[in-house]
Amino acid sequence: MYGFSEIEKKWQDRWYSSDLFLAKDDTSKPKYYPLIEFPYPSGSGLHVGHPRPYIALDIVARKRRMQGFNVLYCIGWDAFGLPTENYAIKNKLHPRIVSRGNIKRFKAQVKRLGISFDWSREIDTTDENYYKWTQWIFLQLFKKGLAYKSEAMVNWCTGCKVVLANEEVINGTCERCASEVVKKQKNQWMLRITKYAQRLIDDLDDVDYPYKVKTSQINWIGRSEGANMQFKTTAGDLFEVFTTRPDTIYGVTYIVIAPEHQFVQKWLGLAENATEVKDYVLTAARKTDIERTDLNKDKTGIQIKGIYAVNPINQTHIPIWVSDYVLTSYGTGVVMAVPAHDTRDFEFAKKYSLPIIDVVSSDLAPQEPPFTGKDGTIINSEMINGLSVADAREAVIKWLEENGLGRRSVNFKLRDWVFSRQRYWGEPIPIVNCPRCGYVPISESELPLRLPDIESFQQAETGESPLANVKSWVDVKCPECGSDAQRETDTMPQWAGSSWYFLRYCDPFNDRELISQQALKYWMPVDWYNGGMEHTTLHLLYSRFWHKFLYDIGVVHTKEPYAKRTSHGMILGENNEKMSKSRGNVVNPDDVLDQYGADTMRLYEMFIGDFESAASWDTNSIKGCSRFLERVFGLPQLLVGEQTTDFSSKLRSIINKTIKKVSADIEVMKFNTAIASLMSLLNEIYAVGELNRFELKIFLLLLCVFAPHISEEVWERCGFDGLACVQSWPGFCGADCQDSVVEIAVQVNGRIKTKILLSPDTKEEEAFRLAKENAIVRQAIAGGEISKEVYVPKSLINFVL
RNA sequence: GCCGGAAUGGCGAAAUGGCAGACGCACGGGACUUAAAAUCCCGGGAGGUAACACUCGUGCCGGUUCAAGUCCGGCUUCCGGCACCA
């Protein structure tokens, strides 16, 4: 074994004690800004999945430096969050202590990998000099009316007696204790992300994201076009529904309203069966999320008897039902049911024997309704009979608008972002609640609003934030009127600090502004952002929203924060399952590093398979990468000749081809095949048995982005000048990629018969002539007549008989 | 149900429509060794043959093409995400 532990230590010491990887605010050079998602420093330390993206973009960053770019490649810590706080509570420690310890451990682990991070720009979201600006952004959102407090339904864990974020609810149960989660009304801070819904869709056209990321964001935002339509009731009042199918207006046979809808209370007074309806509403409220959203369960509901809705187009009286399959939070909370053309309405209508009127006929319609397709002709619909679905839709919308009974409208699935947590370990929300003035922002000059140091982080039974107990912190004078007021005691969610951190890397120590204009204009946007698919509809969407807001108020100059996004596949355990402590299949990078070293681990993580797909860890396969590096270490023994600036004839072509392949593969994240081609080259060098100093140099330059320590070591031992990582990335000569003879497959009727050697620039007739001279070919075509001859230069010949 | 992705040796995987299985693991044989480990060399899709030849082979069925893992149409299975969004 080559002495990787000493070698790697030596080079890491040299790199990190010099300014080699520091980004320079040098605007004369072109910049490059690759970004990885900064980690949440959990208590369990790094597992082998964490470094996969770090290594991948390190390869890109190192290559860019060699290509003459000024590179900004950073890491930091997304350190606020629940697991840290829970651990602190359990072990009676301060979350800050826990967090510091975790960061220390993560940092030591990451440093062992030899990633070319600019450690001078390390950031920590829990640092008051950082969260000062997170709070500042919140204040701007508040001032623009995009942060507001409102009564909202939140997730309440019946076990922990605490409010949970949506992302902490797994299939209707608590992520931590697995108890049932119910909905509870609570006063919450919200961010108006819905105001940006359309732009979050539209501006995806301007960025280079994978198709699947764009489509998931679009689906999540969930834009639907349709119409809002007014219905009167027999009691004389008015309500609105949202529908995507105004063309089916004649097929409406009943109305369904969500149990929580305020109109239910209003209509109760008129209902003949008020008691039963009330019971139904109560039962629905008591249901857990699982019960409520289980699609397999039977739909339930109850008619409000004694009151009817009137179809605006034909004055038909139709019954009004209450059912919990209708959501309050989407559209108007009231639905016009068209059982003939909607699966849910159909199911409900069948169960309660409600009428079903077909209004769209189509050859594509199944035997049994409902037909939900849109290729059809309207029937049973007086005014619009015979029209296509699309035309009928336009006709009905026009009619609604002309008669003041409705309008064209768009709805989004996206909801406003519940932005408060009843927790200690987060950014305090910089708002004061004044009995006279309402919610008042604190002055920007008072930022950061520091988290007070407290003893107990345990939440109250009521689920109030632990900060509520700190009277000395809570009680303040109103910044507006000076009367006694109280601070907001909720804190921000973990997603706050990560929504803008990439801006701070550009200018991490600025205490006057979030980022200087100069740094902003030079470094932004992020050129290449790699992260996990799991953040597509969370962090990635949230940070795009914040960035657009900052753009609107003139803080940043680009509409989008990230020019290009890619995502890595997960590294699974040896049993093909997601790595987790409970499954007992976690591989600790420290063990791999101890046994094989950083270069082998880096190489293996990139060689394991397609970067964008999941891959299972295989302890055995690491050996292949280790063997490869052993052989690299032995390369100087094959050196022949003195200084030269040219290739030997034996290796000229393969080295040029390898330069070409490695260069191209890195750009499209095909690290596995880039490494495979380096392995092939090494095999060839050993087969040839010798190489010159120029060739060795090139080999090391290609390798040094993947396995930097060993490359520098061999570089130094061979007496090459300077450091490998500051040399220019090798170019290749197209002509030199050419072999002097190439093997051509000769097929007869598409079946390969033999192979012949030809010069790569052999002309067609010449190639056919030479092929036919071959004895095997001659025999194969004997007795047949050639009807077609195909020649693909450098590849094959096909004779069709 | 909807959206996205995948299916190729014993395993991880490669293949701008052009020789399927590069590269690596594991395995088998050989060399070195007292022996083992390490290292080096050789081998390998399946059937078939004494050996060739030949036949079959990239989830299934069809199509386009001189030529299909790759393109087109229709399925199946698996993985990931979303899900009563009217």
Side-chain angles (χ1 to χ4, degrees), chain A residues 1 210-216 218-220 222-224 226 241-245 248 256 258 292-297 299 323-327 329-338 341-345 347-348 372 411-415 533-534 536-537 569-570 572 576 578 603-604 607-610 612-628 630-631 634 661 670 672-683 686-687 743-755 776 779 786-801:
Chain A
M1 293 282 258
Y211 178 73
K212 61 179 170 179
V213 172
K214 286 192 184 183
T215 48
S216 345
I218 290 168
N219 291 341
W220 181 262
R223 182 192 154 98
S224 296
V241 301
F242 169 71
T243 177
T244 55
R245 297 294 301 275
T248 60
V256 198
R292 182 82 188 255
T293 59
D294 181 6
L295 296 184
N296 296 323
K297 72 151 204 263
K299 291 191 183 3
S323 173
D324 63 4
Y325 83 85
V326 171
L327 311 170
S329 48
Y330 185 78
T332 61
V334 193
V335 167
M336 60 174 230
V338 185
H341 306 289
D342 181 281
T343 25
R344 298 150 304 180
D345 297 344
E347 203 186 305
F348 193 79
T372 56
N411 259 278
F412 296 94
K413 284 194 220 172
L414 187 71
R415 309 288 161 71
M533 273 309 285
E534 71 275 16
T536 300
T537 52
M570 210 186 295
L572 307 172
N576 290 327
K578 194 170 163 177
L603 215 53
Y604 176 63
F607 187 65
I608 192 167
D610 177 18
E612 312 202 35
S613 313
S616 304
W617 191 262
D618 179 9
T619 302
N620 246 331
S621 290
I622 303 172
K623 286 182 195 149
C625 294
S626 170
R627 283 177 194 147
F628 169 71
E630 289 292 341
R631 275 156 53 98
K661 173 123 184 95
K670 296 179 75 166
N672 52 339
T673 50
I675 292 167
S677 72
L678 285 170
M679 288 174 167
S680 294
L681 173 58
L682 187 77
N683 290 345
Y686 270 93
E743 198 180 56
I744 301 274
V746 183
Q747 299 178 334
V748 174
N749 286 338
R751 288 172 189 280
I752 176 156
K753 291 295 167 187
T754 189
K755 291 172 183 182
I776 299 168
Q779 202 193 340
I786 296 176
S787 60
K788 184 162 186 169
E789 298 177 328
V790 181
Y791 175 51
V792 184
K794 288 181 264 186
S795 179
L796 61 68
I797 287 169
N798 189 10
F799 294 119
V800 185
L801 299 185

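Both backbone and side-chain heavy atoms feed into the values below; hydrogens, waters and symmetry mates do not. In what follows, chains carry the letters A, B, and so on, assigned in the order in which the sequence lines appear, proteins first and then strands, with residues in each chain numbered from 1.
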Report task. In whole angstrom, give the distance that lies between atom CD of A:Q779 and atom P of B:C52. Result -> 17 Å
Query raised in the report: Between B:C19, B:C66, B:C23, which nucleotide gets closest to the side-chain atoms of A:V800?
Result: B:C66
Query raised in the report: Per the atom types in the model, does the base of B:C19 pair as donor or acceptor with the side chain of A:K755 at under 3.5 Å?
Result: yes
Query raised in the report: Of all the nucleotides listed (B:G18, B:A86, B:C3), which has the minimum atom distance to the side chain of A:Q747?
Result: B:G18
Query raised in the report: Got a second to check how far A:I797's CD1 is from A:K753's NZ, nearest 0.5 Å?
Result: 15.0 Å
**Report entry** Pairwise C1' distance for B:A13 and B:A20, with rounding to whole Å
**Finding:** 13 Å
Report task. Would you mind classifying the nucleic acid contact of A:K670 as base, sugar-phosphate or nothing, using non-hydrogen atoms under 4.0 angstrom? Result -> sugar-phosphate
Query raised in the report: Atom CG of A:N620 and atom P of B:C25: how far apart are they, to the nearest Å?
Result: 10 Å
**Report entry** Syn-anti status, with the boundary at 90° from 0, for the nucleotide B:G9
**Finding:** syn
Query raised in the report: So, does A:D342 use its side chain to make a donor-acceptor pair with the main chain of A:A337 at under 3.5 Å?
Result: no
Query raised in the report: Given atom OH of A:Y686 and atom C1' of B:U39, what is their separation to the nearest angstrom?
Result: 11 Å
Query raised in the report: If you look at every strand shown and take non-hydrogen atoms under 4.0 Å, does A:E743 touch a base, only sugar-phosphate, or nothing?
Result: base
Report task. Can you check whether any acceptor in the base of B:C66 is under 3.5 Å from a donor in the side chain of A:N798, or vice versa? Result -> yes
Query raised in the report: Any side-chain N or O of A:S224 less than 4.0 Å from the OP1 or OP2 oxygen of B:A86?
Result: yes
Query raised in the report: Hey, is the side chain of A:N219 poking within less than 4.0 Å of OP1 or OP2 on B:G4, counting only N and O atoms?
Result: no
Query raised in the report: Taking the same atom, C1', in B:G47 and in B:G57, what whole-Å distance lies between them?
Result: 10 Å
**Report entry** OP1 or OP2 of B:A86 under 4.0 Å from side-chain N/O of A:Y325
**Finding:** no
Requested in this report: With heavy atoms under 4.0 Å as the rule, sort A:I608 into base, sugar-phosphate or nothing.
Outcome: sugar-phosphate
Report task. Give a yes or no on whether a donor-acceptor pair under 3.5 Å exists between the nucleobase atoms of B:C3, that is its base, and the side chain of A:K212. Result -> no
Report summary line: Those stems involving RNA chain B that have three or more consecutive Watson-Crick or G-U pairs, both distances under 3.5 Å, are B:1-7 with B:76-82, B:10-12 with B:23-25, B:27-31 with B:39-43, B:45-47 with B:54-56, B:59-63 with B:71-75
Query raised in the report: Under 4.0 Å: is that the gap between some side-chain N or O of A:K413 and OP1 or OP2 of B:C2?
Result: no
Query raised in the report: Between B:C23 atom C1' and A:I675 atom CD1, what is the distance in whole Å?
Result: 10 Å
Query raised in the report: With respect to the phosphate group of B:U39, does any side-chain polar atom (N or O) of A:R627 fall under 4.0 Å of OP1 or OP2?
Result: yes
Query raised in the report: So what does A:N411 touch, heavy atoms closer than 4.0 Å: a base, only the sugar-phosphate, or nothing?
Result: nothing
Query - Any donor-acceptor pair under 3.5 Å from A:N411 side chain to A:S224 backbone - result: no
Query raised in the report: Are any side-chain N or O atoms of A:S787 and backbone N or O atoms of A:V800, one a donor and one an acceptor, separated by less than 3.5 Å?
Result: yes
Query raised in the report: When the C1' atoms of B:G45 and B:A36 are considered, how many whole Å apart are they?
Result: 33 Å
Query raised in the report: If we take the C1' atom in both B:G21 and B:A14, what is their distance in whole Å?
Result: 7 Å
**Report entry** Separation of B:C54 P from A:N749 CG (nearest whole Å)
**Finding:** 13 Å
Report task. Could you give the distance separating B:G9 and B:U76 at their C1' atoms, to the nearest angstrom? Result -> 23 Å
Requested in this report: Determine the Euclidean distance between corresponding C1' atoms of B:U8 and B:C56; express it in Å to zero decimal places.
Outcome: 16 Å
Report task. Classify the nucleic acid contact of A:S216 as base, sugar-phosphate or nothing, counting any heavy atom under 4.0 Å across all strands shown. Result -> nothing
Query - Whole-angstrom distance between B:U65 and B:G73, as gauged at atom C1' - result: 16 Å
Query - Minimum side-chain heavy-atom gap A:Y604-A:W617 below 4.5 Å - result: yes
Report task. Taking the side chain as every heavy atom from C-beta outward, state whether A:N683 and A:R631 have any atom pair closer than 4.5 Å. Result -> yes
Query raised in the report: Checking all strands, does A:D345 fall into the base, sugar-phosphate, or nothing category for heavy-atom contacts under 4.0 angstrom?
Result: nothing
Query raised in the report: Mind checking whether A:E347 and A:Y325 have side chains closer than 4.5 Å, heavy atoms only?
Result: no
Requested in this report: Name the nucleic acid region contacted by A:Y211, choosing base, sugar-phosphate or nothing; use a 4.0 angstrom heavy-atom cut-off, strictly under.
Outcome: sugar-phosphate
Query raised in the report: A:D610 near the nucleic acid: base, sugar-phosphate alone, or nothing, with a heavy-atom cut-off under 4.0 Å?
Result: sugar-phosphate
Query raised in the report: Do A:V335 and A:V241 have side chains that get closer than 4.5 Å, going by heavy atoms?
Result: no
Query raised in the report: For A:E534, does the CD atom sit with more than 12 other heavy atoms under 6.0 Å from it, leaving out its own atoms?
Result: yes
Query raised in the report: Does a nitrogen or oxygen in the side chain of A:R631 sit under 4.0 Å from OP1 or OP2 of B:C40?
Result: yes
Query - Length of the line joining A:E534:CD and B:G81:P, which is rounded to integer Å - result: 10 Å
Requested in this report: With heavy atoms under 4.0 Å as the rule, sort A:R223 into base, sugar-phosphate or nothing.
Outcome: nothing
Query - A:S795 side-chain proximity, nearest of B:C25, B:G18, B:C84 - result: B:G18
Query - Rounded distance in Å - CH2 (A:W220) to P (B:G4) - result: 17 Å
Query raised in the report: A:L796 has an atom CG; how far is it from atom C1' of B:G17, in whole Å?
Result: 11 Å
Query raised in the report: Hey, is the main chain of A:N620 close enough, under 3.5 Å, to the side chain of A:D618 for a donor-acceptor pair?
Result: yes
Query raised in the report: A:V335 near the nucleic acid: base, sugar-phosphate alone, or nothing, with a heavy-atom cut-off under 4.0 Å?
Result: base
Query raised in the report: So what does A:V338 hit on the nucleic acid, given a heavy-atom distance under 4.0 Å: a base, only sugar-phosphate, or nothing?
Result: nothing
Report task. Between A:G333 and A:K623, just flag the one whose closest nucleotide in RNA chain B comes earlier from the 5' side. Result -> A:K623
Requested in this report: Using a heavy-atom cut-off of under 4.0 Å over every strand shown, decide if A:K753 touches base, sugar-phosphate, or nothing.
Outcome: sugar-phosphate
Query raised in the report: Relative to the 5' end of RNA chain B, which residue comes earlier, A:I622 or A:L414, by the nucleotide with the nearest heavy atom?
Result: A:I622
Query raised in the report: Okay, side chain of A:S795, backbone of A:V792: is any donor-acceptor separation there less than 3.5 Å?
Result: no
Query raised in the report: Rounding to the closest angstrom, what is the interatomic distance between B:C84 and B:C11 at atom P?
Result: 40 Å
Query raised in the report: Is A:N576 near enough to B:G12 that one of its side-chain N or O atoms lies under 4.0 angstrom from OP1 or OP2?
Result: no
Query raised in the report: Would you call A:K212 and A:T536 a side-chain contact if the rule is heavy atoms closer than 4.5 Å?
Result: no
